[in-house]
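Atoms within each ligand, like the ligands themselves, are counted from 1 in listed order. Because only heavy atoms are used, hydrogens play no part in the values below, and waters and symmetry mates are left out as well, while side chains stay in. Numbers for residues simply follow the sequence, beginning at 1.
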Amino acid sequence: MSEIILIAAIAQTNGVIGDRGQLPWSIPEDLKRFRQLTLHHTVIMGRKTWEFDLRKRPLPDRRNIIISSQSLQAEGVEFVRSLSQALECTDAKRFIIGGASIYRQALDVVDRMELTIVEGNYSGDVFFCEWRDRLSDFELLNLDQQDGYRFETYQRLVPT
Ligand SMILES: NC(=O)c1ccc[n+]([C@@H]2O[C@H](COP(=O)([O-])OP(=O)(O)OC[C@H]3O[C@@H](n4cnc5c(N)ncnc54)[C@H](OP(=O)(O)O)[C@@H]3O)[C@@H](O)[C@H]2O)c1
C-alpha cells in the first residue's frame, strides 16, 4: 500500500515552523525520529527547504524530490514542477517534509501526519497552515509526550 505522510515540527502557541530558513529550535530526539521514519523512503520538499535547510545536500539514503518552478539540476536529487508531479511516483512511503507552501498544498492529500508539537514561545517568519480546522478529517492515533514537546500521529478518516 502506498502512503503519503506529512511530517512537521510546529510551535504549539503560534504555529511557527521556521525562522530565516531554519528550524527555530534544536531537538535532537525530533531529528532522530525524522531520520528513523523517513530513512529508505521518498522525501518531497519545496525549493526553499532544499536550499536553506538542507543547504542543497540531499538527505542520504532517501529519494529526494524537490518542487520548483525553475529549471534546476543537482546531483542526487530530482526536480519536479508541482506537488502532483512529485506524487506521481508510486513509492510505498512518500514523506512531505515542508516547507510551509508545500504543507499547505499537501494537506488535502495526506493519509497520515507525523507532527512534533513544540511547547513554549518561539518567534519565526514561517507558519504551518490552519491544520486544526481540518482535524475532523483525521483521528489521533498516537500521542507521545516528551519533556517540552510531544509527538502526535494523525490518520485520515476513511469516509464510511
Ligand atoms: N518545522 C518543520 O518541520 C519544517 C520543515 C521544513 C521546512 N521548514 C521551514 O519552512 C520554511 C520554508 O518554507 P517556505 O514555504 O518558505 O518554502 P518551501 O515550501 O520550502 O519552498 C517554496 C518553494 O517551493 C516551490 N514551490 C512551491 N509550490 C510550488 C508549485 N505548486 N509549483 C512549483 N513550485 C512550487 C517554489 O520554488 P521556486 O521559487 O524555485 O519556484 C517556492 O518558492 C523554512 O523556514 C524552513 O525552516 C520547517
Side-chain angles (χ1 to χ4, degrees), residues 3-39 41-60 62-89 93-132 134-135 138 140 142-144 146 148-154:
E3 214 183 352
I4 304 171
I5 303 149
L6 183 157
I7 184 163
I10 309 167
Q12 179 174 11
T13 50
N14 57 6
V16 157
I17 61 164
D19 186 27
R20 286 163 290 168
Q22 291 189 340
L23 294 179
W25 44 73
S26 170
I27 306 176
E29 279 304 312
D30 183 44
L31 299 178
K32 202 167 132 191
R33 184 169 182 268
F34 176 90
R35 185 171 185 278
Q36 277 170 351
L37 285 170
T38 59
L39 204 61
H41 297 297
T42 297
V43 289
I44 297 170
M45 72 199 90
R47 192 262 307 160
K48 291 184 185 171
T49 294
W50 155 251
E51 204 167 312
F52 301 113
D53 292 67
L54 269 64
R55 297 180 191 182
K56 299 189 181 178
R57 289 186 300 244
L59 289 171
R62 280 150 278 194
R63 181 180 181 184
N64 288 244
I65 299 181
I66 297 142
I67 303 171
S68 172
S69 60
Q70 306 174 59
S71 296
L72 300 172
Q73 284 189 332
E75 204 165 315
V77 300
E78 300 164 48
F79 287 96
V80 297
R81 296 290 180 135
S82 65
L83 177 65
S84 50
Q85 199 182 342
L87 294 174
E88 277 170 15
C89 74
K93 285 189 184 178
R94 292 161 285 170
F95 284 86
I96 308 291
I97 67 163
S101 75
I102 305 300
Y103 288 143
R104 203 175 305 119
Q105 296 170 63
L107 204 58
D108 279 337
V109 297
V110 296
D111 302 303
R112 179 154 57 101
M113 296 196 287
E114 294 289 355
L115 305 182
T116 304
I117 306 297
V118 185
E119 297 159 10
N121 286 314
Y122 290 92
S123 57
D125 53 12
V126 187
F127 298 82
F128 199 67
C129 44
E130 280 306 320
W131 62 286
R132 290 190 188 277
R134 309 282 293 282
L135 275 187
F138 294 87
L140 180 64
N142 192 48
L143 193 157
D144 178 4
Q146 303 285 321
Y149 59 95
R150 60 186 184 273
F151 298 122
E152 294 183 352
T153 301
Y154 292 90

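Per-residue contacts place Gln22 under 4.0 angstrom from the following atoms of ligand 1 (heavy atoms of the residue considered): 45 (O), 47 (O). Residue-ligand proximity, Ile97 to ligand 1, at heavy-atom distances under 4.0 Å covers atoms 5 (C), 6 (C). Numbered from 1 in the order shown, with element, the atoms of ligand 1 that lie under 4.0 Å from a heavy atom of Gln70 read 38 (P), 39 (O), 40 (O). Listed by number with element, the atoms of ligand 1 under 4.0 angstrom from any heavy atom of Gly98 are 6 (C). Close approach to Ile102 involves these atoms of ligand 1, each under 4.0 Å from a residue heavy atom: 19 (O), 27 (C), 28 (N). Listed by number with element, the atoms of ligand 1 under 4.0 Å from a non-hydrogen atom of Lys48 are 16 (O), 17 (O), 18 (P), 20 (O), 21 (O), 22 (C), 43 (O).
There is no protein heavy atom less than 4.0 angstrom from atom 42 (C) of ligand 1.
Between Met113 and Thr153 the shortest side-chain heavy-atom distance does not fall below 4.5 Å. Using a 4.5 Å heavy-atom cutoff, the side chains of Leu39 and Arg62 are in contact. Using a 4.5 Å heavy-atom threshold, the side chains of Ser101 and Gln105 count as touching.
Closest to atom 35 (C) of ligand 1, if we only count protein heavy atoms, is Ile67 CG2, 3.5 Å. Gly99 N, 3.6 Å is the protein heavy atom nearest to atom 18 (P) of ligand 1. Nearest protein heavy-atom contact of atom 13 (O) of ligand 1 is Ala100 N, 3.2 Å. For atom 32 (N) of ligand 1, the nearest non-hydrogen atom of the protein is Arg81 O, 3.0 Å. Counting only heavy atoms of the protein, atom 22 (C) of ligand 1 lies nearest to Ser101 OG, 3.4 Å. Residue, atom and distance of the protein heavy atom nearest to atom 3 (O) of ligand 1 are Ala9 N, 2.8 Å.
Contact check on Lys48 versus Asp53 returns no salt bridge, with no Lys/Arg side-chain nitrogen under 4.0 Å from an Asp/Glu carboxylate oxygen. A salt bridge does not link Glu29 to Arg33: none of the charged nitrogens lies less than 4.0 Å from a carboxylate oxygen. For the pair Glu114 and Arg112, the salt-bridge criterion is met [side-chain N within less than 4.0 Å of a carboxylate O]. A salt bridge is defined here as a Lys NZ or Arg NE, NH1 or NH2 lying under 4.0 Å from an Asp or Glu carboxylate O, and Glu78 with Arg63 meets this definition. Classification of Arg150 and Glu119 as a salt-bridged pair holds, one side-chain N sitting under 4.0 Å from a carboxylate O.
For the ring pair (Phe, Tyr, Trp, His ring centres under 6.0 Å) test, residues two or more places apart in sequence or in another chain that qualify with Phe151 are Tyr149. The ring pair (Phe, Tyr, Trp, His ring centres under 6.0 Å) test applied to Phe138 returns no partner, not counting sequence neighbours.
Residue contacts with ligand 1 include Gln105, since one of its heavy atoms falls under 4.0 Å from the ligand. The closest approach between a heavy atom of Leu83 and any atom of ligand 1 is not below 4.0 Å. In this structure, Tyr103 counts as a contact residue of ligand 1, since one of its heavy atoms falls inside 4.0 Å of the ligand. Contact annotation: Met45 has no heavy atom less than 4.0 Å from any atom of ligand 1.
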- Message: Determine whether Leu37 and Ile7 satisfy the following criterion, side-chain contact (heavy atoms from CB on, under 4.5 Å), listing intermediate values before the conclusion.
- Response: CA-CA 9 Å; Leu37 285 170; Ile7 184 163; 3.8 Å; yes
- Query: When you look at Arg94 and Cys89, which way does the side-chain contact (heavy atoms from CB on, under 4.5 Å) test go after all the steps?
  - Reply: CA-CA 9 Å; Arg94 292 161 285 170; Cys89 74; 3.6 Å; yes
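The environment of Glu75 atom CD is sparse: at most 12 non-hydrogen atoms of other residues, nucleotides or ligands sit within 6.0 angstrom.
On a distance-only criterion, Leu72 and ligand 1 share no N/O pair closer than 3.5 Å. Between Arg47 and ligand 1, at least one pair of N/O atoms sits closer than 3.5 Å. Taking distance alone, with nitrogen or oxygen atoms compared against 3.5 Å, Ile10 stays at or beyond that limit from ligand 1.
Trp50 pairs in a side chain to side chain contact (heavy atoms under 4.5 Å, CB included) with only one of the listed residues (Ile66, Ile67, Leu59), which is Ile66.
Counting heavy atoms closer than 4.0 Å to ligand 1, residue Arg20 contributes nothing at all.
Taking each of Asp53, Asp30, Val80, Thr49 in turn, the one with a heavy atom nearest to atom 44 (C) of ligand 1 proves to be Asp53. Of the candidates Leu54, Ile17, Leu115, it is Ile17 that places a heavy atom closest to atom 9 (C) of ligand 1.
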